[in-house]
Amino acid sequence: MTVRVRFAPSPTGYLHIGGARTALYNWLFARQHGGTFVLRIEDTDRERSTPENVQIILDALRWLGLEWDEGPEVGGPHGPYFQSERGDVYRPHVERLLNEGKAYRCFATPEELEAMREEQKSRGEQPHYDRRGLKLSTQEIEANLAAKMPFVVRFRVPDGSTVIEDRIKGKVEVQNKEVDDFILLRSDDNPTYNFVVCIDDADMRITHVIRGDDHFTNTVKQALMTEALGFERPIYAHIPLIFGPDKKKLSKRHGSVSVLDYREAGYLPEAFTNFLALLGWSFDDKSTLFTGPELIEKFSLEKVSKSPSIFDPAKLDWFGGEYVRQKPTPELTDLALPTLIAAGQIDEATARERRPWIEELVAAFQQRFRRLPELPELTEYFFQSTDAVEYEEKAVQKLQNEGASERLAAYRELLANADFSSTDKLEAEARAFCESQEMKFGQLVHPVRAALSGRIQGPGLFDIVYLLGKDEALARIDRALSLYPVSGKP
RNA sequence: GGCCCCGUCGUCUAGUCAGGUCCAGGACACCGGCCUUUCACGCCGGUAACACGGGUUCAAAUCCCGUCGGGGUCACCA
């Protein structure tokens, strides 16, 4: 049996973290088994579904690297893949179910049903549909139909119980009487979700349904419906939900839950998928870093946790830094360049001309950021004119320490004739200089760093010197010297 | 409330099915230290958990029962 799985989002908003993880697990499962990953858009809610939202979902999936084999924009033999375009495929099934007595009409209005539920509640009963439609005689139905009374079609839930052999949850048995005779065709002639899903999944030859645990109660309905329709039941796997720190289903109020927000925040997609994969799944007691191919090879539904997990942004940050560090510098440069450009630090033409320099700059900071947009915050002073560099308070202190300006001035002379061909040479010369002056290395480094960058932290000092170049380094020292000429008293 | 699911460090988890090798392992976070020109990286170390109560057993995080706690779901939404 060839594995066929699907991800079936509703384009009513962004793709959220939970949906992304569901998509990832489906994709991983398909790739591992050489199967097919189908993307189906469940846009039957015309009010809330928009083409823009569809595009957002596609963008998000592509960013995560989850290419689909069948679905929007790629087509496939089992389309259409937009539920809104599948209207006609459902009608014959409604008729069949009706003829076979597996479904029936109910003429009760929403108001009547509401009243029914209220009454049940007032009697201390659980609200439930009382099968009033089933009690109608053939004559009554004919008369109502002739009178053009609106009706819905309900599924007649059989007696007994339903056992779901869930690949993650294990065996779960539910009494069918817990399930109401749900509606499969609305009075406006539109079929409902629990009905169309069964037909779509069957039409698309879906073998495994992997989705969020919030669908579990639907699963019982769908299993029953699938059986009534005469289709083969897919294998189900329900992934526990992702919670926010308050242990409630992750939602907007927990901050960013949209996948594209994380792209905006500048996380590398590999970091994000690695993080997502491990939210609710683990391979063993040691491994945390997985490449895409490793994930495909090692993923398994059996090792998906049965308990919900809480989204921890701090851990995502760690993954972010980890992937930034292990990314080859040229590639990282390509990825980071747009943020430098967006920050106004460089333009595209200059970036091309100074490509080797940019790569060296990125390399100098590679250990120091986790998200792309953090880079321009760190590199700002490299792109400012000499006079625009601002000195933070602590940097000013470094410049005003006893003897600092004298040491700075002395180093300026050294630098004027220094060999700028490499960071190492600059450092070696500085060290030799300190030794000859019987000066501690740190006494030189700190004021120089302050003079060049206006800051007290950053990459290795000689990376800064080197990246700035001789002219600019001298100019910045001169400026610092003119601003803070007086050292502490002798 | 009914039904269903879940409950190991603050968080993600290994271990639970096949009880002993677990006074519970790893990772993130946090705290200390080392490295060092700062920050970061890296390295070393530390704090920290079997929800509770019974039972079975020579032995229970692991099996059984109960309690408590958390969540999901109960629409002419998907």
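By convention in this document, chain letters (A, B, ...) are assigned in the order of the sequence lines, proteins followed by strands, and residues within each chain are numbered from 1.
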Expressed in whole Å, how much space separates the [atom1] atoms belonging to [N] and [M]?
N     : M     : atom1 : result
B/G10 : B/C43 : P     : 25 Å
B/C28 : B/G70 : P     : 31 Å
B/A49 : B/G26 : P     : 14 Å

Partners meeting ring-ring contact (aromatic ring centres under 6.0 Å, His included) with [X] (sequence neighbours left out):
X        : value
A/Phe383 : A/Trp357
A/Phe155 : A/Phe182
A/Phe107 : A/Phe151

Presence of [X] side-chain N/O under 4.0 Å of [N] phosphate oxygens OP1/OP2:
X        : N     : result
A/Lys306 : B/G71 : no
A/Thr192 : B/C76 : no
A/Ser187 : B/C76 : no

Within the 3.5 Å criterion, strictly below it, is a donor on [X] or [Y] matched to an acceptor on the partner's side chain?
X        : Y        : value
A/Tyr466 : A/Glu360 : yes
A/Thr329 : A/Glu359 : no
A/Tyr90  : A/Asp200 : yes

Sugar-phosphate only, base, or nothing, as touched by [X] at under 4.0 Å among non-hydrogen atoms:
X        : value
A/Ala108 : base
A/Phe365 : nothing
A/Asn218 : base
A/Val172 : sugar-phosphate
A/His215 : base
A/Lys394 : nothing

What residues 9-23 of chain A contributes to the RNA chain B interface at heavy-atom separation below 4.0 Å is A/Ser10
Between A/Arg117 and A/Gln175, whichever has its closest RNA chain B nucleotide further toward 5' is A/Gln175
With nearest nucleotide decided by heavy atoms, which residue, A/Gly280 or A/Phe107, maps closer to the 5′ end of RNA chain B?
A/Gly280
Whole-Å distance between [N] [atom2] and [X] [atom1]?
X        : N     : atom1 : atom2 : answer
A/Lys121 : B/C74 : NZ    : P     : 13 Å
A/Leu185 : B/A75 : CG    : C1'   : 16 Å
A/Lys221 : B/A78 : NZ    : P     : 11 Å
A/Asp246 : B/U11 : CG    : P     : 13 Å
A/Phe290 : B/U13 : CZ    : C1'   : 11 Å
A/Lys169 : B/C17 : NZ    : C1'   : 18 Å
A/Asp214 : B/C5  : CG    : P     : 16 Å

Looking at A/His208 and A/Pro234, what are the two nearest heavy atoms and their distance?
N-CB, 4.4 Å
Could you name each residue pair satisfying side-chain hydrogen bond (donor to acceptor under 3.5 Å, both in side chains) that touches residues 431-446 of chain A, not counting sequence neighbours?
A/Glu427-A/Arg431
Annotated protein contacts, base or backbone, on nucleotides 26-45 of chain B with a non-hydrogen cut-off under 4.0 Å, one of B, S, - each
SBS--------BBBBSS---
Looking at the side chain of A/Val174, which of B/A78, B/A14, B/C4 is the nearest nucleotide?
B/C4
Check residues 49-58 of chain A and write down every donor-acceptor pair under 3.5 Å in which the side-chain atom is one partner and the other belongs to a residue at least two apart or another chain.
unit_1: A/Ser49; atom_1: OG; unit_2: A/Asp45; atom_2: O; d: 2.9
unit_1: A/Thr50; atom_1: OG1; unit_2: A/Asn53; atom_2: N; d: 3.1
unit_1: A/Thr50; atom_1: OG1; unit_2: A/Asn53; atom_2: ND2; d: 3.1
unit_1: A/Asn53; atom_1: ND2; unit_2: A/Pro11; atom_2: O; d: 3.1

Does A/Glu178 get its side chain close enough to the base of B/G2, under 3.5 Å, for a donor-acceptor pair?
no
What residue pairs, at least two apart or across chains, pass salt bridge (Lys or Arg N to Asp or Glu O under 4.0 Å) with a residue in residues 298-321 of chain A?
A/Arg167-A/Glu302
Could you tabulate the donor-acceptor pairs under 3.5 Å formed by side-chain atoms of residues 268-277 of chain A, not counting sequence neighbours?
unit_1: A/Glu270; atom_1: OE2; unit_2: A/Lys327; atom_2: NZ; d: 2.4
unit_1: A/Thr273; atom_1: OG1; unit_2: A/Pro269; atom_2: O; d: 3.0
unit_1: A/Thr273; atom_1: OG1; unit_2: A/Glu270; atom_2: O; d: 3.1
unit_1: A/Asn274; atom_1: OD1; unit_2: A/Phe290; atom_2: N; d: 2.9
unit_1: A/Asn274; atom_1: OD1; unit_2: A/Tyr323; atom_2: OH; d: 2.4
unit_1: A/Asn274; atom_1: ND2; unit_2: A/Thr288; atom_2: O; d: 3.0

Watson-Crick or G-U wobble partner of B/G1, both distances under 3.5 Å:
B/C74
